> 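Before I ask anything, let me first share the structure, which is written out below as structure tokens.
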Amino acid sequence: MKGVARVVMRRYLIEMNEITKITSSESGSPDKPARQRKPDWIRVKAPMGKGFEETRKLMREHKLNTVCEEAACPNIGECWTKKHATVMILGDVCTRACAFCNVKTGMPMKVDALEPQHTADAAAKLGLEHIVITSVDRDDLPDGGASQFVKVIEALRRTTPDTTIEILTPDFRNKADAAIEAIVAAKPDVYNHNLETVPRLYPTIRPGARYYASIRLLEKVKRLDPGIFTKSGIMLGLSEERLEVHQVMDDMRSADIDFLTMGQYLQPTPKHVKVSEFVTPQAFDAYASIARAKGFLLVASSPLTRSSYHAGDDFAKMRVARDEKLAKEEKNAGT
């Protein structure tokens with residue numbers, strides 16, 4: 001075992017060293033700001049085609065918002081062509097103003113009582129095997145919008161019972177305990193809550209949130225129901241340091257988070273925080289190797305990775321990974 005540990009540590013150090021060698025070709029000097037032109041590896045085709053139009057039409061017919069549109073996701077063309085969409089409940093206006101997010105900020109409208117069933121009907125018409133449900137922050141609501149998540153999960157279970165459900169929730173600031181308990185009781189298959197960035201950058205990137213509150217949220221989900229997969233993600237290219245990213249990984253593992261996603265931050269408009277660095281695919285691969293060594297069941301790490309990108313396929317992989325892990329533990333316990 002000592003020999004294996006030395007090999008793992010040697011590989012870990014090699015990966016860390018490789019990251020330090022990788023620098024963005026888009027970086028500028030102190031006297032010249034970094035160029036914001038996207039490198040070739042994150043350029044995508046413009047959305048078009050029959051599948052894309054059918055998905056857009058269905059979302060409009062059911063009066064549903066999608067994070068694909070509101071957050072200007074670069075993968076919308078690919079996902080919508082395959083009739084995959086991430087539904088954003090509780091309206092399209094957020095009560096917070098994070099420096100990276102393209103969703104509108106202001107005073108939201110009244111919660112739509114028909115939204116849960118509309119979401120379920122759309123999932124049934126799309127024939128979804130796996131659906132991702134997210135939301136804006138609703139600090140104006142007594143429960144932060146948790147009851148709407150519960151109603152959506154219940155509507156999906158009634159209407160399309162074979163569809164697995166992944167939720168991506170806000171932090172439910174100052175009301176997290178009751179919100180998490182209600183949602184976990186509704187039994188989604190995956191509970192996702194993104195940390196977004198490293199703790200040092202929270203005051204400027206995610207000022208309305210608290211890093212350790214988000215860690216505790218995910219920790220509580222797993223404590224309440226160990227059977228629910230937990231998932232979280234961060235963006236790279238916001239001036240985070242390599243060791244800070246490693247520390248976030250360690251914090252996630254201490255909360256027993258199963259699935260880590262890492263993707264490139266892209267500036268949605270000139271009003272949002274600028275990209276500090278376009279992280280190369282090689283650097284994403286190196287980070288992924290380190291994350292796997294730390295014990296995540298699954299890691300998705302690439303410039304175009306987003307929380308719900310390939311979520312259905314990743315859910316299937318995560319179930320297989322957990323089954324294999326449990327089988328290995330049982331075998332070891334019996335020897």
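Because the structure is a prediction, the values reported are computed rather than measured. FYI, side chains are in, hydrogens and waters are out, and symmetry mates aren't considered; it's all heavy atoms of this structure.
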> So His246 and Tyr287, side chain to side chain contact (heavy atoms under 4.5 Å, CB included) or not? Walk me through it.
CA-CA 8 Å; His246 294 173; Tyr287 274 126; 4.0 Å; yes
> Does any part of the side chain of Asn102, heavy atoms only, come nearer than 4.5 Å to the side chain of His272, both counted from C-beta?
yes
> Ignoring hydrogens and geometry, is there a side-chain-to-backbone donor-acceptor pair from Arg158 to Ile153 under 3.5 Å?
no
> How far apart are the closest heavy atoms of Gly145 and Phe172, and which atoms are they?
C-CE2, 4.3 Å
> With a 4.0 Å cut-off on N to O distance, would you call Lys222 and Asp258 a salt bridge?
yes
> Same cluster for Val299 and Val279 if Ile/Leu/Val/Met/Phe/Trp/Tyr side chains link at under 4.5 Å?
yes
> Charged N to carboxylate O below 4.0 Å: is that the case for Lys220 and Glu181?
yes
> Could you go through the side chain to side chain contact (heavy atoms under 4.5 Å, CB included) check for Ser135 and Thr169 one step at a time?
CA-CA 6 Å; Ser135 79; Thr169 76; 5.8 Å; no
> So, taking the atom named CE in Met109 and the one named CG in Asp140, what distance separates them when rounded to the nearest 0.5 Å?
12.5 Å
> Under the side-chain contact (heavy atoms from CB on, under 4.5 Å) test against Thr95, which residue among Val136, Leu141, Asp137 passes?
Asp137
> Using the rule that Ile, Leu, Val, Met, Phe, Trp and Tyr join whenever any side-chain heavy atoms are under 4.5 Å apart, tell me whether Phe284 and Leu298 fall into a single cluster.
no
> Between Tyr265 and Phe100, is there a side-chain heavy-atom distance shorter than 4.5 Å?
yes
> Do Val87 and Thr134 come close enough that some side-chain heavy atom pair is under 4.5 Å?
no
> Does the distance from a Lys or Arg side-chain N to an Asp or Glu carboxylate O, for Lys175 and Asp143, drop under 4.0 Å?
no
> Starting at CD1 of Ile89, measure out to CD1 of Ile167 and round the result to the nearest 0.5 Å.
8.5 Å
> Got a second to check how far Leu90's CG is from Lys110's NZ, nearest 0.5 Å?
14.0 Å
> Verify side chain to side chain donor-acceptor pair (under 3.5 Å) between Thr159 and Gln117, making sure each step is shown before the conclusion.
CA-CA 8 Å; Thr159 308; Gln117 192 58 50; 3.0 Å; yes
> How about Glu196 and Cys98: do any of their side-chain heavy atoms sit closer than 4.5 Å?
no
> Take atom CD in Glu129; do more than 12 heavy atoms of anything else shown fall under 6.0 Å from it?
no
> I'd like to check Leu218 versus Arg216 (side-chain heavy atoms, cut-off strictly below 4.5 Å). Are they in contact?
no
> Does one hydrophobic cluster hold both Val190 and Met262, with members joined at side-chain heavy-atom distances below 4.5 Å?
no
> To the nearest 0.5 Å, what is the distance between CG on Leu156 and CG on Asp121?
9.5 Å
> After noting the C-alpha distance and the side-chain angles of Thr105 and Arg96, does the key distance pass the side chain to side chain contact (heavy atoms under 4.5 Å, CB included) rule?
CA-CA 6 Å; Thr105 300; Arg96 301 190 197 172; 6.0 Å; no
> Quick check: closest heavy atoms across Thr160 and Ala120, and the distance to 0.1 Å?
CG2-O, 4.3 Å
> Are any of the side-chain heavy atoms of Val198 and Tyr211 separated by less than 4.5 Å?
no
> Assess whether a salt bridge exists between Asp250 and Lys294, defined as any Lys/Arg side-chain N lying under 4.0 Å from an Asp/Glu carboxylate O.
yes
> Locate the shortest heavy-atom distance separating Tyr202 from Ser214; write the atom from each residue and the value.
OH-OG, 4.4 Å
> Say you draw a straight line from CG of Asn174 to CG of Asp177; how long is it, rounded to the nearest 0.5 Å?
11.0 Å
> What's the shortest heavy-atom distance between Thr305 and Ala300, and which atoms?
CG2-O, 3.6 Å
> By the definition side-chain hydrogen bond (donor to acceptor under 3.5 Å, both in side chains), identify the one residue from Asp314, Thr164, Thr163 that meets it with His130.
Thr164
> Roughly how far, to the nearest 0.5 Å, is OG of Ser301 from CG of Leu260?
7.0 Å
> Considering only NZ, NE, NH1 and NH2 on the basic side and carboxylate oxygens on the acidic side, decide whether Glu115 and Lys151 come within less than 4.0 Å.
no
> Are Arg173 and Asp171 within salt-bridge range, i.e. N to O under 4.0 Å?
no
> Given side chain to side chain contact (heavy atoms under 4.5 Å, CB included), test Tyr191 with Leu168 step by step and report yes or no.
CA-CA 6 Å; Tyr191 195 119; Leu168 170 57; over 6 Å; no
> Give a yes or no on whether the backbone of Ile257 and the side-chain of Arg253 come within a donor-acceptor separation of less than 3.5 Å.
yes
> Test of understanding: clusters of I, L, V, M, F, W, Y form through side-chain heavy atoms closer than 4.5 Å, transitively. Do Ile228 and Ile131 belong to the same one?
yes
> For a quick test of reading the model, state the closest non-hydrogen atom pair linking Val273 to Gln267 and the distance between them.
O-CG, 3.4 Å
> Flag yes if Val221 and Phe229 sit in one hydrophobic cluster, no otherwise; membership is Ile, Leu, Val, Met, Phe, Trp, Tyr, and two members link when side-chain heavy atoms are under 4.5 Å apart.
no
> How close do Gly208 and Arg210 get, heavy atom to heavy atom, and via which atoms?
C-NH1, 4.0 Å
> Can you find a pair of side-chain heavy atoms, one from Glu241 and one from Arg200, that are under 4.5 Å apart?
yes
> Is the backbone of Ala327 close enough, under 3.5 Å, to the side chain of Glu329 for a donor and an acceptor to pair up by distance?
no
> Just one of Thr261, Val248, Asn194 clears the side-chain contact (heavy atoms from CB on, under 4.5 Å) bar with Ile234, so which one?
Val248
> With heavy-atom distances below 4.5 Å as the criterion, would you say the side chains of Val245 and Leu236 are in contact?
yes
> For the backbone of Glu277 and the side chain of Gln264, can you confirm whether one donor and one acceptor N or O come within less than 3.5 Å of each other?
yes
